[in-house]
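First up is the structure itself, then whatever we jot down about it.
Reminder, nothing fancy here: chain letters follow the sequence lines and each chain counts from 1.
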There are 2 protein chains.
Amino acid sequence: MTKRRDYSCAEGCPVEATLDLLDGKWKGVILFHLKRDGTLRFNELGRRLRGITQRMLTKQLRELEEVGLVDRRVYAQVPPKVEYSLSDEGRSLGAVIDALAAWGEGRIARLAAAPKAA
Amino acid sequence: MTKRRDYSCAEGCPVEATLDLLDGKWKGVILFHLKRDGTLRFNELGRRLRGITQRMLTKQLRELEEVGLVDRRVYAQVPPKVEYSLSDEGRSLGAVIDALAAWGEGRIARLAAAPKAA
DNA sequence: CAGTATCCTGTTAGATACTG
DNA sequence: CAGTATCTAACAGGATACTG
């Protein structure tokens, strides 16, 4: 999904604008966990995302930071300590995250109830 | 974004489950327009998505159909007539689409108000 | 009208190894 | 602990041309 800067194409574009920010295999879940837990360190977050590599976690976090959804706080100490949390802008996404989570739960339940015929 | 079938990993996964279905550059907008207009023919839809190629439109629609969010109705006539609309499942996504659109509008407004310094 | 069929490119994301 | 650096396979998605 190519990132865009201009969403002047009216009608449907706000949807795209939002989705563009959530794009990437892990962004949605990352935001979900930061919303839930408030503040998490790099590896704490990583542990909540089973299967993610450090490289990917770093990349997704940097992108979220770049668009202003996530704040990154570095403590000048050894061993390193870096904390991630939602920015104000990220917090404003709360209702969206909730909507995604709520509908997803329903869908998972529906799929479980009516298993796709083999 | 790799499609998955199992979302048994608890906590954050409903978010992923939803996002997986909306993945692809055009799915969000397609759903938005079908929600708005109810039923649209292939090219009507295409015209609302400036820049999409027929190949992509077909592909995204097939994927949405496959996961059960969109219904495809073919009329046996010449010239061909094919109508797309939200399925019941797709309609149940309404609140999510609205949330995405609403937040996106806010964000676009915010970006316009505070243009990123070059 | 509503697609297919090909070709082609950049990007995504996984695996793996290394570091201040 | 919190990352980098490299390499690679797979795919997304655009361009273009053709068709029942």
Check: A:Arg41 side chain, D:dA2 base, donor-acceptor under 3.5 Å: no
According to a strict under-4.0 Å criterion, is B:Arg55 in side-chain N/O contact with OP1 or OP2 of D:dC18? no
A:Ser87 side-chain N/O to A:Gly68 backbone N/O, donor-acceptor pair under 3.5 Å: yes
Would one find a side-chain N or O of A:Arg72 under 4.0 angstrom from OP1 or OP2 of D:dG3? yes
Taking the nucleotide of DNA chain D with the nearest heavy atom to each, does B:Gln60 or B:Gln54 sit closer to the 5' end? B:Gln60
Rounded distance (Å) that lies between atom C1' of C:dA2 and atom CD of B:Gln77: 12 Å
OP1 or OP2 of D:dG3 less than 4.0 angstrom from a side-chain nitrogen or oxygen of A:Tyr84, does that happen here? yes
Nearest whole angstrom, please: distance from the C1' of C:dG3 to the CG of B:Asn43. 9 Å
Check the distance between C:dA13's P and B:Asp20's CG and give it to me in whole angstrom. 11 Å
Separation of D:dG3 P from A:Leu49 CG (nearest whole Å): 14 Å
Which heavy atom of A:Glu44 sits nearest a heavy atom of A:Arg41, and at what distance? OE1-N, 2.7 Å
Of A:Pro79 and A:Met56, whose closest DNA chain C nucleotide lies nearer the 5' terminus? A:Met56
Go through the steps for B:Arg48 and B:Asp37 under the test side chain to side chain contact (heavy atoms under 4.5 Å, CB included), then give the verdict. CA-CA 11 Å; B:Arg48 280 164 175 74; B:Asp37 297 333; 2.7 Å; yes
Within this structure, what is the CD-to-C1' distance between B:Glu83 and C:dA2, rounded to whole angstrom? 13 Å
Hey, is the side chain of A:Lys25 poking within less than 4.0 Å of OP1 or OP2 on C:dG14, counting only N and O atoms? yes
Does the structure place the NZ or CZ of A:Arg110 under 6.0 Å from the centre of the six-membered ring of A:Trp103, at an angle of no more than 45° from the ring's axis? yes
Check whether any side-chain N or O of A:Arg47 sits under 4.0 Å from OP1 or OP2 of D:dA2, and answer yes or no. no
To the nearest Å, give me how far apart CG (B:Leu57) and P (D:dA15) are. 15 Å
Between P on C:dA2 and CZ on B:Phe42, what's the gap in Å once rounded to a whole number? 8 Å
For a stem of at least 3 consecutive Watson-Crick or G-U pairs with distances under 3.5 Å, i pairing with j, i+1 with j-1 and so on, which stems involve DNA chain C? C:1-20 with D:1-20
With no hydrogens and no angle check, is any side-chain donor or acceptor of A:Thr18 less than 3.5 Å from a backbone partner on B:Gly104? yes
If hydrophobic clusters are built by linking Ile, Leu, Val, Met, Phe, Trp and Tyr wherever their side-chain heavy atoms come under 4.5 Å apart, do B:Val78 and B:Val74 end up in the same one? no
Quick one: which of C:dG3, C:dC1, C:dG20 gets closest to the side chain of B:Arg62? C:dG3
Ignoring hydrogens, what is the shortest heavy-atom contact between A:Val96 and B:Leu100? Give both atom names and the distance. CG1-CD2, 3.7 Å
Only one of A:Val29, A:Ile30, A:Leu31 forms a side chain to side chain contact (heavy atoms under 4.5 Å, CB included) with A:His33, so which one is it? A:Val29
Using a cut-off of less than 4.0 Å, is there contact between a side-chain N or O of B:Lys81 and OP1 or OP2 of C:dA2? no
Which listed nucleotide (C:dA2, D:dA15, D:dG3) is nearest to the side chain of B:Thr53? D:dA15
How many whole angstroms separate atom CG of A:Leu61 from atom C1' of D:dT4? 15 Å
